[in-house]
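To start, the structure under review is shown below, and the notes come after it.
This one's a predicted model, so the numbers in the text were calculated from it and none came from an experiment.
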Amino acid sequence: MPLFRSSSPQQEPPPPPSPTRSRGLFGRRSDSPEHYQNGYDANGNGSTRSGSTRSGGFFSRRRSSSSDSNHSLDLTKDPSIKAARGKVTEAEAAEAAADRALNEARTAVRGAKEQARRLEQEVLEEARRAKAKQAEAKSIKKSTGRLGRHG
């Protein structure tokens with residue numbers, strides 16, 4: 001068959017398959033007789049289903065509910081379920097403790113910052129008073145300069 005041109009008349013493309021319901025990536029085709037003839041599918045695999053219709057694949061199975069008679073087991077007593085629930089409970093408790101610790105740490109930081117701010121203001125006030133005291137002491141020393149002339 002030539003790659004670019006063909007001198008023979010064009011063949012009509014095969015007709016599109018009959019429109020059926022579109023299936024997803026994991027959906028299965030229906031088990032209709034044209035797919036399973038004489039008990040075998042198109043791949044030659046044996047089939048015990050004859051004409052029955054079922055849809056869905058691995059990911060579209062029916063989910064079990066707690067009211068199913070087949071699944072009426074009490075799963076709350078299962079050790080793996082108990083262990084998983086215990087882990088979740090422990091994780092929730094640890095998260096709550098971490099939240100409390102974070103809030104306590106934030107409160108402590110706020111308190112430390114406030115104390116540092118008050119200390120700085122106190123030091124500035126003491127420095128202002130010390131400067132005023134120094135100025136007063138200098139004034140007093142000046143006035144003592146005239147003393148002692150008589151003696």
Carefully, step by step, assess L124 and R128 under the rule side chain to side chain contact (heavy atoms under 4.5 Å, CB included).
CA-CA 6 Å; L124 288 173; R128 188 183 64 75; over 6 Å; no

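- Surrounding CD of E120 are at most 12 heavy atoms belonging to other residues, nucleotides or ligands under 6.0 Å away.
- Partner R117 forms a side chain to side chain contact (heavy atoms under 4.5 Å, CB included) with one of Q121, K113, Q115 and no other, that one being Q121.
- The two residues K141 and T144 come nearest to each other via the heavy atoms O-OG1, 2.6 Å.
- Put simply, the side chain of D78 gets close to the backbone of I81: a donor and an acceptor are under 3.5 Å apart.
- Applying the side-chain hydrogen bond (donor to acceptor under 3.5 Å, both in side chains) rule to S143 yields no partners; only residues at least two apart in sequence or on another chain are considered.
- In this structure, V123 belongs to a hydrophobic cluster whose other members, linked by side-chain heavy atoms under 4.5 Å apart, are L119.
- Not counting sequence neighbours, the partners of R129 by the salt bridge (Lys or Arg N to Asp or Glu O under 4.0 Å) test are E125.
- Residues passing the salt bridge (Lys or Arg N to Asp or Glu O under 4.0 Å) test with R118, sequence neighbours excluded: E114.
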Can you give me every donor-acceptor pair (side chain of residues 89-108, partner residue at least two apart or in another chain, under 3.5 Å) with its distance?
residue	atom	partner	partner atom	Å
T89	OG1	R85	O	2.9
N103	ND2	D99	O	3.4
T107	OG1	N103	O	2.9

